[in-house]
Amino acid sequence: MKWLTGLLTAFILLLSACGITKDIQEIVEDRYQLEDVVESSVDSSDVSKVYNAEEDIPTVASYLQEQIKPNEVSELKEGKQILVYDDYIVTLQENDDASNTLVEVATVGFVRDNYQPNFFDGLLAYYILDEILDVDDWGKKQKNRCLNATGNCYGGYGATGGTYKGPTTIPSFRGSSRGGGPGTGK
């Protein structure tokens, strides 16, 4: 029996050493209170989870960046900051006052299919969003889709809230492949 306990302990230590870590969604979930979940109008597996942090944006941003280094970090502008991770885009927004923060963790698919492009104005350049969302000229395509769709595109939880139903049309850029090969272009 002792050897089984020793073997199990060694196995757990080995798994820990292999770098099995939490993703940013789990880190946020462990620390902050869940407020709401907003489902994509296109794919119900793509969601944006909204948490309340009783801390200001710089404190939350610093904590999250210490836990997992983001791929991109916007400046704090007009009470809003964006952290970009491999599978999630985290939006930090002032909630009621500057001492509380809404922490919105959205899948990349949710952002690609639902967000108003102008939500990111002054925070992330569109060419960065094109790369993150894997869509050429996402801002222009999504802007046209938002204008022509029945229902509005998502403006972030602070603006749209949990009542978001969004455009129900599947965007033409969803599932497209990027790049090209011989014969593409002019």
Side-chain angles (χ1 to χ4, degrees), residues 12-13 15-41 43-135 138-139 142 146 152-164 166:
I12 290 170
L13 290 173
L15 286 177
S16 297
C18 289
I20 296 176
T21 59
K22 294 181 177 185
D23 64 19
I24 197 65
Q25 173 66 57
E26 293 166 318
I27 288 169
V28 170
E29 192 171 271
D30 287 348
R31 184 166 173 112
Y32 303 114
Q33 177 68 39
L34 181 66
E35 290 284 317
D36 205 350
V37 177
V38 182
E39 206 173 272
S40 172
S41 65
D43 182 347
S44 62
S45 68
D46 284 325
V47 296
S48 182
K49 293 185 178 182
V50 182
Y51 300 84
N52 185 45
E54 294 179 354
E55 302 168 325
D56 63 9
I57 291 174
T59 303
V60 174
S62 178
Y63 172 75
L64 295 178
Q65 290 177 72
E66 287 170 6
Q67 301 306 303
I68 300 176
K69 185 177 187 268
N71 300 334
E72 298 283 340
V73 178
S74 77
E75 291 183 27
L76 174 58
K77 186 173 181 183
E78 297 176 15
K80 186 167 49 174
Q81 186 171 19
I82 309 288
L83 307 174
V84 177
Y85 294 90
D86 289 337
D87 298 321
Y88 298 98
I89 296 177
V90 178
T91 303
L92 307 175
Q93 280 187 278
E94 290 178 357
N95 184 19
D96 298 330
D97 63 52
S99 65
N100 288 321
T101 303
L102 281 177
V103 181
E104 187 165 357
V105 183
T107 61
V108 169
F110 182 91
V111 172
R112 179 192 60 233
D113 294 341
N114 296 278
Y115 265 85
Q116 292 264 2
N118 64 1
F119 178 83
F120 299 100
D121 286 355
L123 296 168
L124 293 173
Y126 285 125
Y127 74 88
I128 293 173
L129 287 165
D130 289 352
E131 289 299 314
I132 295 164
L133 304 175
D134 198 24
V135 177
W138 174 80
Q142 183 71 346
C146 292
N152 295 319
C153 286
Y154 190 65
Y157 193 78
T160 309
T163 61
Y164 172 72

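When reading the values below, keep in mind they use all heavy atoms of this one structure, side chains included, and skip hydrogens, waters and symmetry mates.
Between the Q65 side chain and the A61 main chain, a donor and an acceptor come within less than 3.5 Å of each other. Looking at K22, its side chain never comes within 3.5 Å of a backbone N or O of Q67 through a donor-acceptor pair. At least one donor-acceptor pair closer than 3.5 Å links the side chain of Y126 to the backbone N or O of P117. For Q81 (side chain) and S74 (main-chain N/O), a donor-acceptor pair under 3.5 Å exists by modelled atom type. Under a 3.5 Å cut-off, the side chain of D56 and the backbone N or O of T59 do form a donor-acceptor pair.
To the nearest 0.5 Å, atom CD of residue E54 and atom CG of residue N95 are 10.0 Å apart. A distance of 9.5 Å separates CZ of F120 from CD of Q142, quoted to the nearest 0.5 Å. Atom CZ of F110 is separated from atom CD of E104 by 6.5 Å, given to the nearest 0.5 angstrom. Here CD of E39 is found 11.5 Å from OG of S48. Values are rounded to the nearest 0.5 Å.
Counting only heavy atoms from C-beta outward, the side chains of F119 and V111 never approach each other to under 4.5 Å. A heavy-atom distance below 4.5 Å is found between the side chains of T91 and Y115.
The one candidate from L133, V105, N71 that meets the side-chain contact (heavy atoms from CB on, under 4.5 Å) condition with I89 is L133. Evaluated for a side chain to side chain donor-acceptor pair (under 3.5 Å) with S40, the options D113, N114, T107, D46 yield exactly one hit, N114.
For the pair L92 and I57, the tightest heavy-atom approach, listed with the atom from each and the gap, is O-CD1, 3.9 Å. Between V50 and L34, the shortest heavy-atom distance links the atoms O-CD1, 3.4 Å. Taking both residues in full, the closest heavy atoms of L102 and Y157 are given as CD1-CD2, 3.9 Å, listed atom of the first, atom of the second, then distance. The shortest non-hydrogen separation linking I68 to D23 is CD1-C, 3.7 Å.
The salt bridge (Lys or Arg N to Asp or Glu O under 4.0 Å) check on K49 picks up E29, with sequence neighbours excluded. Qualifying salt bridge (Lys or Arg N to Asp or Glu O under 4.0 Å) partners for E55, counting only residues two or more places apart in sequence or in other chains: R31.
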